[in-house]
Amino acid sequence: MARALAAVWPLAKGCITGSVVGITVADGVASVVTMDGASMHPTFNPQQAERVLVEKRCHYRYDFSRSDVIVFRSPRNHRELMVKRLIALPGDWIQIPEKQEIRQIPEGHCWVEGDNAALSFDSRSYGPVPMGL
Amino acid sequence: MSGFVRRLAGIPWRSIAGEALSRAFLVAQAYCAVHVVDQHLCSLAIVRGPSMLPAMNLAGDVVAVDKVSARLGRVAPGDVVMMISPEDPRKSVAKRVVGMHGDSVTYLVDPGNSDASKTVVVPQGHVWVQGDNPYASRDSRQFGAVPYGLITGRSFVGRLMQSLEPIFCFMAP
């Protein structure tokens with residue numbers, strides 16, 4: 001029993017170390033996300049299930065710029081990730097073509113839209129998204 | 001001069017470099033372990049401000065924050081949660097959850113001046129948070145229901161304080 005444990009222990013230690021380092025790198029530097037859905041066509045092709053490299057260093061300074069493609073947790077379901085394009089930053093005024101209204105983006109929020117406007121479930125449905133997401 | 005060079009050559013550079021590298025690797029592993037525990041398991045936070053009186057002190061209270069249950073979705077009304085402020089993503093605030101998705105929340109619009117109250121239904125994927133001190137708290141009454149994804153942890157300070165109460169009474173003058 002003790003010999004089996006001694007044989008398995010280095011492997012377990014390696015796994016734990018690797019996973020801890022991996023989680024830290026995924027949180028702080030970059031990670032990979034698989035794309036699903038057609039809301040960003042033609043930027044991301046829905047048939048090919050593309051993998052996207054996501055950079056996480058932007059979380060430290062929150063210096064996003066307009067027309068970045070960003071990944072965020074859905075405001076409707078915190079377990080889902082959504083990928084959309086950032087259209088407007090806090091304090092901007094935008095006009096929604098369908099509804100003919102002009103809105104100002106409140107402090108700490110941003111306006112996101114998918115490239116494929118017909119099929120995209122984005123800020124036109126659920127309003128400005130808090131930057132914390 | 002040549003004596004100095006000879007002494008320089010005599011120092012075991014390779015083993016020093018090897019040891020330094022392994023120590024640096026150990027430090028990096030320790031940092032990664034601390035980061036994972038702090039972000040994903042359990043963390044300590046200091047909360048300040050008048051919005052959660054009398055549960056939390058004005059000058060500062062240390063709060064133990066449990067991040068696992070927030071990630072699993074096991075946050076219930078009555079819990080104190082830490083969340084990223086919807087108004088400024090660099091700030092973390094602590095508030096109490098009053099309503100979950102589908103709940104109908106009635107709140108006083110302006111408790112200092114009037115008795116008017118409003119009732120809202122919390123939309124899907126959102127929670128309604130309020131500070132314990134309604135006179136001095138910026139919470140869902142001002143910025144609306146908060147998406148669940150902004151919640152970073154649930155505090156279990158209630159249980160912690162109850163068990164440590166005698167120690168604090170002894171220590172405080």
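Just so it is clear, the values below take in all heavy atoms, side chains as well, and ignore hydrogens, waters and symmetry mates. A note on names: the letters A, B, ... follow the listed sequences, proteins ahead of strands, and every chain is numbered from 1.
B:V36 and B:M82 end up in different hydrophobic clusters when Ile, Leu, Val, Met, Phe, Trp and Tyr side chains are linked at under 4.5 Å. No continuous path of ILVMFWY side-chain contacts below 4.5 Å connects B:V127 to B:L72, so the two sit in separate hydrophobic clusters.
Within residues 16-23 of chain A, the residues approaching chain B closer than 4.5 Å by heavy atoms are, in numerical order, A:T17, A:V20, A:V21, A:I23.
The part of B:H40 that comes within reach of chain A is its side chain, from C-beta onward, which places non-hydrogen atoms under 4.5 angstrom from that chain.
Counting only residues at least two apart or on different chains, the salt bridge (Lys or Arg N to Asp or Glu O under 4.0 Å) pairs with a member in residues 6-19 of chain B are B:E19-B:R23.
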